[in-house]
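Input: a single structure, listed below in structure tokens.
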Amino acid sequence: MRNLVTLNKGRLRPLAFASQDAEFDLPFELLDSVFDTLSDSITCVLANLDVGLIEVQQYTKQGIRNILASFKIETFGDRILSFAHFADANQLVFVFAQGDIISVTYDSLTLNPQDAVVEIVGTIDCGIDSAQWSHDEETLAIVTCDCNVVLLSKLFEPIAEYHLEVDDLKKSKQVTVGWGKKETQFRGRGARAHEREALSSLRASGLVGNELRDPTMPYMVDSGAITTKDNRTVSISWRGDCEYFAVSSIETVMDPDDETQTIERRVIRVFTRDGALDSASEPVTGMEHNLSWKPQGSLIASVRRSTHLGDEANLEVIFFERNGLRHGEFEARLPLSENIKNLCWNSSSEILTVVLEDRIQLWTTKNYHWFLKQEIYETKVNFVKWHAEKDLTMMYGTDEHVNVVDFSYKMTQGPTLEPCDNGTSIVVDGNIVNITPLAIANVPPPEYYRDFETPENVIDVAVSLSNETYAVLNKSALLIATVPSLKDMRKGHHPIVVSKLNKLDFATGIDSFRQVAFINDTVVGILLDTESFTRIALISVEDVFQPHVVKIVETFDKAVLLRSSFDYNTLVYEAKDGTVTQLDVEGQLERISKFPQLVRDFRVKRVHNVVDSGIEEWEAGSSELVAFGLTGNGKLYANDKLLATAVTSLEIIDSLLLFTTAQHNLQFVHLNSTHFEQLPVVEEGVVDERVRAIERGSILVSAIPSKSAVVLQANRGNLETIYPRIMVLSKVRKDILSKRYGEAFVCCRIHRINLDILHDYAPELFFANLELFINQVGRVDHLDFFISCLREENVAETIYKETLNSGISHKFQLEPAPLTEMQEYMKKKLFNPATSKVNKICHAVLDVLLSKEEYKEKYTQSIVTAYASQNPQNLEDALRLISSIEDEEKKDSILTYLVFLQDPNVIYKVALSLYNIRLALAAAQKSQMDPREYLPFLQSLYDNEALRSRFLIDDYLENHEKALGHLVEMEKGKSDISEEILDYVDNFKLYGCALRLYRYENEKQSKVYYIFAKYLSSKQEYSDAAVIFEMLGEFKEAVTAYISGKRWREALNITIQRSPENVVAVAEELISSLSFDHKYSATAEIHLDFLNNVEQSVVDYCKAYEFDTACLVVAKKGMLELLEKTVDPGLGEGFGTVAELLADCEKQVNSQLRRLRELRSKKEQDPYAFYGQETEEADDVSIAPSETSTNESFFTRYTGKTGGTAKTGATRKTQKNKRREERKRARGKKGTIYEEEYLVKSIGRLIERLDQTRPDALKLIDGMCRRGMLMQAHQIQKNFVDLIQFIKDNVVEIYTISEKDRERVDDNGEVYYIPEIPAPQILDFPKRKVVDF
């Protein structure tokens, strides 16, 4: 959709110095000129070859002329075939037709032509037909007059030589696959027409002439004969990567139609860089000498003059593949007699240049159609060359001048200002102006909505503010075309040229038309260009039938770009120094700004500073004209501020600046402030509304803000209309603040915007105008859609966060990490229905809809939706509402809707819970439930009485407490409780509920208590069961329960009262049970008080370390002999136990502390091993680094988290790995961080054990002191004190764990920290002074 316009045109006339020989004054001709990319200059060759004089001049951008060389050659009347300037080597190389290859080395410092060294580096005696350097300037290809292809290096050393023979043409028969056969290749319109006639004849009669032929074979095969227009020269062209080059020459071959005759055929041979023949072209009748290989592609361009096709004779540009087969063509739209001198491509392969005798045509292609974009007129064109690095800079030479032209792509379009944003796009194709209003019809090129023709090829075109008037520049006139209205255009009317204003009526003969633009609908501005200055002619087209000149304005500096301002009230132009100036209807100039460098596309708009408020407001007098410009290297400027780089296209609308980038993004900048800064980098995972991903290589064609649409064109030429989120949301937000909820709803629905924004963007406004919202939405299904799609997230702060007030340099919003399983669980657990957004909206909607009968009648379905969408669902009220509807058809319809909205099985159960059997049956019938499952059950409900039916329903729904209540209600008035109730209570463990129901009926409650006690006993809750049994008078079962519960006092109490004869048996059973649990104090008391076994009582007191009580019992009973017999051995046994414990603890502490020190030393020396995890064995194949296979850092080795998962928060842990992790932590996997954690916790458990042992050790020390065992007591106290002190001295070292060592990774790849292990408080051991020595 882009056109080509001329930015700037420069011309220089090289003049040779006077001959040093004063006797001669010879004229010098301009023979050739080349770009010097190293110094950004132009090198020209001037010569008089009749006498062999040559002069080489260099012209810099500053206008300086340097004479590089001036010399004389020995051959007269020679012709230069190739000229190259190697600026890096200060070398000039000439190849002459008579065979000489001359190298001239000049001095770059003195630039004295007399110091240049001229030498003939080689001579080909037979002469040279053609020569061409490769694009990398490393190889010279030469075709000699005796048909040899010679390749020379840059040092002129021979690389290869190949003799051209007729047998080379056999190379063209190498393709045999179907799609590459000759009969499937392009043969032109004439051949296809003949084939169609032959095929129709064959279908009718089966014969063509007198012979039956195969219809799949072509009717006519080209012989390859040349035309009389062929200049019979040899051409060479290199491919852009310099791996191949093509040679076009004439061969004499046998005539395929008459083997006795010969014809001259032009053939293209393709050679490799090493000089090996790769392929030869198929015969093409009428092909000429022109040859140009597309730099960035596989196509070779040439020309075909089809004089042999009679009425269908035409002149075509044809293309070949590298294998020599045809690959398309296009008609040159030239007379058959026109002479095409040359073909050449620009460096980006986007523009094909067709060089004619007196003009140059520039062609581009999209969607397999070739467009003629520009035609440059001259009296005579000798050569055309494109800059190797600046792909839109072209140089061409005439007899006396070198002309340099800068082009630029221009998206010619209509206004983007509402309401005139019709999306009008204009494409130039020769003398045809193609028009497509994209807001009306998105017609992809090469097809168009409407068009009109002009007498000559179009230079530039513009459209007015109303999109109804068109201004076209031809070579010699301004044309005005118009259409009555857009409505007429919709009906099929094409624009018609209604007037013509000749250039000579308001400009001189040396002026040339460059560009055109509109001011509103009434004035056309034309940029007039001469060699040294530019002017702008203002033409009034208020009367489109009689345009006239209003004024011609001097620009005072050479203008390069002219266009309308954003509001079409003025013209704006850019001068060659980057200055942007505004021109109004009166011809007044106003400077706007100056770009840091020349831009190739720009827009100008007045930007207002907007107050931060709910509705946009402008600050009085706070505005500025801002020029947005895009340079050729992709820099985007706002006045002199750099906004972004790698930009490929731009556009503006009233509130936004739009631009595409080489990273395939469409970005937006809010135009609400005159403060501009460089934009932040677009990172991966951006979800900001100001950034949108687009198809690779797409550029902006137009923006249609009234439709929130942007039209893009992909590389291949197809159009795509998108609706960027920022433009759609901007409209939605304006509608919300203006209370146009209906329009906002429709917009959200069309563009799949989450409807929550209707509430979330302005919640208070929404609730205050809820009834207005409901009335504007209107339709029941739309209101249902809104309610049912609600979610708890505040979309105005997450996915649709507004960026209007965000700083221009603030980073773009990134996609949040997905919630982990734990976060999801906590979110659900902490959910509060009272503060739920969805519930608030549903309740508010219900309040409005239930407030009026007319609403209740119309929006019954919406009320049901509001009930069903609450969290938790309020299906009970929804079903109650449905059951209250009298109209059976409406009731069935809404129930069907509810079943669609929610799980039908849940609705069925909720209907049952309401005891509405008919409603439950209707819900079941609308579900996928098997009738054999629910029909018998529902029938049984009809057959039973009401309470029994309710019991069955609640039992089915597992509402067991309510079911029990129905059972109790059924047996109300009966004196006894039924077995059914007791079984039901016991089966479903409803003891608490039953006890509540029978709180005033003691007899029935007692029966419940009894089965409850049985249940408690089965669950080993013996204490509670025993109390219930005792309360019920079941003493035998109570004693058994007390014994099992280790409550010996209660058990003996009941036994003494109720069965004294069983006291001994019960006591012995208690002793056995309590001894098993090491409750020796209790057994000692039972032995002493109930069995009168003093000695065993003393033994048990000693086992409990209660030596003082043991001594008291011995003294009280007068059995002093037991001191030596029982107490002293008990003290010895206690001494051994405690001493062994202390020794074990000391050994463990020393061992584990040593191991901790080893581990921490290992961590410092080899952290990889310390933090490492088990890894899979390498496969020795995947050695290339990538995002998921990179060198691991300390963090990733320790956590097992790769670079890829660290970015996404994803995890690759399996359940097996999870269990392995738990096992390693549990056993403290040796040599890792898990062992360190295990050791620290193990020492903590040891300290707890010592704390538990301390009271027993003190009792032991006191007992041994009283019995004279001072040395043993001293040893226990000393060992305990030393061990405690040792631990206290090292506790800080033991419990010092760094934060990094506490890092862990959960199953979702999230890093978390294990709790810090606090250092325990270690209490001193209370020393006994008796043994403190």
Side-chain angles (χ1 to χ4, degrees), residues 13-34 42-59 65-86 90-106 112-133 140-150 152 156 158 230-236 249-250 289 339 341-342 357 380-383 385 397-402:
R13 183 180 181 184
L15 295 175
F17 276 175
S19 172
Q20 295 181 4
D21 191 348
E23 298 178 4
F24 300 97
D25 186 11
L26 301 175
F28 278 68
E29 298 179 6
L30 173 64
L31 297 184
D32 200 359
S33 182
V34 295
I42 295 174
T43 305
C44 303
V45 178
L46 302 170
N48 186 326
L49 294 178
D50 292 336
V51 296
L53 292 177
I54 297 176
E55 184 174 302
V56 181
Q57 300 179 357
Q58 183 185 49
Y59 291 86
R65 180 179 67 172
N66 299 317
I67 310 298
L68 301 183
S70 180
F71 60 96
K72 185 175 183 179
I73 58 176
E74 297 178 356
T75 56
F76 300 132
D78 210 339
R79 182 165 52 93
I80 296 178
L81 299 178
S82 171
F83 166 67
H85 180 193
F86 303 137
N90 300 331
Q91 186 180 25
L92 309 171
V93 179
F94 299 83
V95 180
F96 291 92
Q98 295 185 18
D100 287 341
I101 303 174
I102 296 178
S103 171
V104 179
T105 304
Y106 61 90
N112 186 348
Q114 303 302 323
D115 296 337
V117 179
V118 182
E119 58 178 328
I120 300 176
V121 294
T123 300
I124 296 176
D125 295 335
C126 62
I128 300 174
D129 278 337
S130 182
Q132 183 72 42
W133 282 95
L140 174 63
I142 294 174
V143 178
T144 66
C145 292
D146 57 357
C147 299
N148 286 327
V149 175
V150 180
L152 300 178
F156 306 103
D230 196 309
N231 64 6
R232 310 184 68 83
T233 59
V234 177
S235 303
I236 301 175
S249 62
I250 296 177
H289 65 282
N339 180 33
K341 298 183 67 173
N342 194 15
E357 292 287 349
K380 183 181 179 182
V381 180
N382 292 330
F383 61 86
K385 295 185 180 181
T398 61
D399 287 338
E400 296 181 346
H401 297 90
V402 174

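No experiment lies behind these values; they were computed from the predicted model shown. Quick note: residue numbers are just sequence positions, from 1.
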Please step through ring pair (Phe, Tyr, Trp, His ring centres under 6.0 Å) for the pair F71 and F94, ending with a clear verdict. CA-CA 12 Å; F71 60 96; F94 299 83; 5.5 Å; yes
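- Residue L81 holds its CG atom at 7.5 Å from CG of D78, rounded to the nearest 0.5 Å.
- Counting heavy atoms of neighbouring residues, nucleotides and ligands inside a 6.0 Å radius, atom CZ of R65 exceeds 12 of them.
- Here the side chain of K380 pairs no donor or acceptor atom with the backbone of E357 at under 3.5 angstrom.
- Between the CD atom in Q98 and the CG atom in L49 there is a gap of 9.5 Å [rounded to 0.5 Å].
- Side-chain contact of T105 with N90: a donor-acceptor pair under 3.5 Å is absent, judged by distance alone.
- Summarising the geometry, atom CG belonging to D100 is positioned 8.0 Å from atom CD1 belonging to I128; distances are rounded to the nearest 0.5 Å.
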Where do F86 and W133 land on the ring pair (Phe, Tyr, Trp, His ring centres under 6.0 Å) test, with the steps shown first? CA-CA 11 Å; F86 303 137; W133 282 95; 4.9 Å; yes
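- In this structure, the separation between OG on S33 and NE2 on H401 is 13.0 Å, given to the nearest 0.5 Å.
- Note that CD of E119 and CD1 of I101 are 12.0 Å apart. Values are rounded to the nearest 0.5 Å.
- The CD atom of E29 sits 10.0 Å away from the CG atom of L46 when rounded to the nearest 0.5 Å.
- Not a single donor-acceptor pair under 3.5 Å links the side chain of D129 to the backbone N or O of V143.
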